[in-house]
Amino acid sequence: MSVLRRGTASPRTPSATIVHAEASPYGSRRLVVESDGEVTSAYLRDARDSVIGAVWVANHRKAPSSLDRPRLDAGGAPLLPESHVAHPQGREAIDVSALEVVWFEEGDGVAVLEAGDPLFVIPGWSDMGRGIPGYARDATEQSPFAFPMEEEIAEFGPRIERAREHWKMCRADGSWAEFQQSVLGHLLQRLGPGGHYWHDVGRQLAGGKVSPSPTVGVTERPARGDRGFTVLSTVGMSRQRMPTVELYEDDVAPYARIELAVASTLPSQRAGSIFPWLAQYPWRSVTWFAPGDVVKWYHEPRTFPLGSGDSAWEGVLLLEDPSRLAGPEAPALTGLTLQGDPVRWLWLVPISGEEHRYAKSEGSDALIRRLAQQGRSWVVS
């Protein structure tokens with residue numbers, strides 16, 4: 001199936017120029033809007049500059065009676081045929097100054113409005129490799145290059161407004177402190193007084209660069225009389241929904257917001273060093289963490305934070321219900337909601353490379369049953 005793509009322009013196809021480009025707030029996606037005077041198209045690119053999603057936006061001259069195959073074969077975005085467009089005679093050039101870019105809260109999709117009205121949307125499920133384009137206001141029939149916006153505006157309209165409100169809230173003075181206190185207050189009720197607090201973990205990238213939002217801290221809840229282990233929890237992951245959940249779950253709300261925790265008798269500084277790797281992982285890698293997921297450590301096993309120099313650990317299991325493994329009774333951390341979504345705490349349990357492969361082959365439930373049979377504890381010591 002043909003898709004929108006870049007290529008070497010032929011004499012019959014004007015060269016496209018970029019009229020607008022910007023990165024997502026998380027830096028994992030980049031929107032590029034192009035026009036060659038005859039067609040405007042938009043692309044969603046990943047960190048490697050590969051096209052993830054794309055959409056035809058508008059024709060700017062009279063539409064052909066059938067698909068514009070010469071332009072497509074030359075590597076340009078095609079003129080859609082008159083049967084597929086709202087303006088068969090073509091519409092005026094897009095006024096870039098009238099555009100408003102609204103990134104979805106998850107960072108995996110984007111909407112662009114023209115003078116306040118949605119012009120096109122490239123959602124997270126757009127996949128040009130499978131012939132699933134974005135949605136355009138000026139498209140009237142489905143094609144491999146654009147789906148009609150009208151078909152999904154009942155969903156996209158509220159979602160755009162929700163995203164606007166999210167970013168407005170994130171920019172508001174005092175909003176981070178208010179969110180932070182709501183999570184810390186919840187943990188105070190569940191785990192008792194806090195100890196050390198680490199700010200902005202996971203924001204340092206290779207080469208000394210600092211990652212964009214989200215901001216994530218780590219709070220320590222030291223062992224006490226009724227608890228022989230320390231709990232370390234992230235604070236900030238739940239402030240925004242994770243990407244791509246909607247590709248796997250019909251109801252996103254129960255799965256979209258998480259914090260991570262680890263129960264440990266190790267020194268807190270050492271155990272807490274697991275979080276910079278994971279705190280921004282979903283938004284940086286455009287994925288989500290689900291209960292039962294296994295995540296492989298990116299470096300040599302001897303550097304794994306929850307092990308020693310000769311440790312066999314090479315990754316983590318994300319466990320929602322610690323009672324499935326051996327160990328003391330786990331504290332209940334449920335009860336916090338944000339924007340109507342429940343927040344899930346997923347506990348980190350270190351696993352070996354062989355256990356990671358076993359989970360990938362047989363499923364996480366099979367791994368959890370095996371660990372339980374071996375008497376593996378959910379508390380790291």
Side-chain angles (χ1 to χ4, degrees), residues 25-28 46-48 106-108 183 196-221 230-244 257-320 322 343-357 359-360 364 367 378-381:
Y26 307 129
S28 54
D46 65 13
R48 297 182 298 275
E106 300 86 347
D108 58 349
V183 179
H196 194 77
Y197 185 89
W198 292 269
H199 296 272
D200 294 353
V201 301
R203 301 194 71 186
Q204 196 71 25
L205 301 178
K209 295 182 179 179
V210 176
S211 170
S213 58
T215 299
V216 182
V218 172
T219 179
E220 174 194 39
R221 303 289 150 157
T230 294
V231 175
L232 299 169
S233 171
T234 59
V235 177
M237 294 181 72
S238 62
R239 196 182 187 204
Q240 49 282 305
R241 285 179 161 187
M242 291 182 292
T244 72
R257 299 184 190 273
I258 66 160
E259 299 287 354
L260 299 178
V262 63
S264 174
T265 59
L266 299 172
S268 294
Q269 184 80 30
R270 176 176 160 193
S273 62
I274 191 72
F275 292 112
W277 166 47
L278 296 169
Q280 296 192 20
Y281 193 112
W283 299 275
R284 189 178 295 164
S285 300
V286 193
T287 188
W288 66 300
F289 285 157
D293 275 356
V294 291
V295 189
K296 187 172 175 59
W297 178 240
Y298 71 97
H299 208 269
E300 297 176 0
R302 63 182 178 82
T303 66
F304 186 74
L306 299 181
S308 58
D310 57 352
S311 171
W313 306 139
E314 295 185 31
V316 292
L317 164 69
L318 306 182
L319 191 63
E320 183 176 23
V343 177
R344 292 177 174 226
W345 262 264
L346 302 181
W347 298 86
L348 306 182
V349 176
I351 58 174
S352 68
E354 187 278 329
E355 289 164 347
H356 179 272
R357 292 187 293 273
K360 288 295 186 182
S364 61
L367 174 62
W378 64 278
V379 177
V380 182
S381 60

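No experiment lies behind these values; they were computed from the predicted model shown.
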Please tell me if the side chains of Trp347 and Val380 come closer than 4.5 Å, counting only heavy atoms from C-beta onward.
-> no
For residues Ile351 and Val294, determine if any side-chain heavy atom of one lies less than 4.5 Å from a side-chain heavy atom of the other.
-> yes
Please identify each residue that fulfils side chain to side chain donor-acceptor pair (under 3.5 Å) with Glu259, with sequence neighbours left out.
-> Thr234, Ser238
Between OG of Ser233 and CG of Leu260, what distance do you get to the nearest 0.5 Å?
-> 8.0 Å
Could you check if a side-chain atom of Leu348 sits within less than 4.5 angstrom of a side-chain atom of Leu318, using non-hydrogen atoms only?
-> yes
Test Phe275 against Leu232 for side-chain contact (heavy atoms from CB on, under 4.5 Å), laying out the working first.
-> CA-CA 9 Å; Phe275 292 112; Leu232 299 169; 3.7 Å; yes
Those residues at least two apart in sequence (or on a different chain) that pass salt bridge (charged side-chain N to carboxylate O under 4.0 Å, His left out) with Glu355 are Arg376
Taking Arg221 for the side chain and Thr230 for the main chain, is one N or O donor matched with an acceptor at less than 3.5 Å?
-> no
Hey, does Pro282 have a side-chain heavy atom less than 4.5 Å from the side chain of Met237?
-> yes
With Pro305, which residues qualify under side chain to side chain contact (heavy atoms under 4.5 Å, CB included), at least two apart?
-> Ser273, Ile274, Trp297
With sequence neighbours left out, the residues meeting salt bridge (charged side-chain N to carboxylate O under 4.0 Å, His left out) with Asp293 are none
Mind telling me whether Trp277 and Phe304 have parallel, tilted or perpendicular rings, with 30° and 60° as the class edges?
-> perpendicular
Without swapping roles, check the side chain of Glu314 against the backbone of Lys296 for a donor-acceptor pair under 3.5 Å.
-> no
Under a 4.5 Å cut-off applied to non-hydrogen side-chain atoms, are Trp283 and Met242 in contact?
-> yes
Could you tell me which non-hydrogen atom of Val286 sits nearest to which non-hydrogen atom of Thr244, and how far apart they are?
-> O-CG2, 3.6 Å
Whether Ser285 side chain and Thr287 backbone form a donor-acceptor pair below 3.5 Å = no
Output for pair (Thr215 OG1, Gln280 CD), nearest 0.5 Å, gives 7.5 Å
Those residues at least two apart in sequence (or on a different chain) that pass side chain to side chain contact (heavy atoms under 4.5 Å, CB included) with Gln269 are Trp198
Please state whether the rings of Tyr281 and Phe289 are parallel, tilted or perpendicular, taking 30° and 60° as the class boundaries.
-> tilted
For the student: nearest non-hydrogen atoms of Val201 and Pro276, plus distance = CB-CG, 4.2 Å
For Val343 and Val183, run side-chain contact (heavy atoms from CB on, under 4.5 Å): C-alpha distance rounded to whole Å, both residues' side-chain angles, the deciding distance at 0.1 Å, then the answer.
-> CA-CA 10 Å; Val343 177; Val183 179; over 6 Å; no
Ser381: what forms a side chain to side chain contact (heavy atoms under 4.5 Å, CB included) with it, not counting sequence neighbours?
-> Thr265
Picking from Leu317, Leu346, Leu319, what satisfies side chain to side chain contact (heavy atoms under 4.5 Å, CB included) with Pro291?
-> Leu346
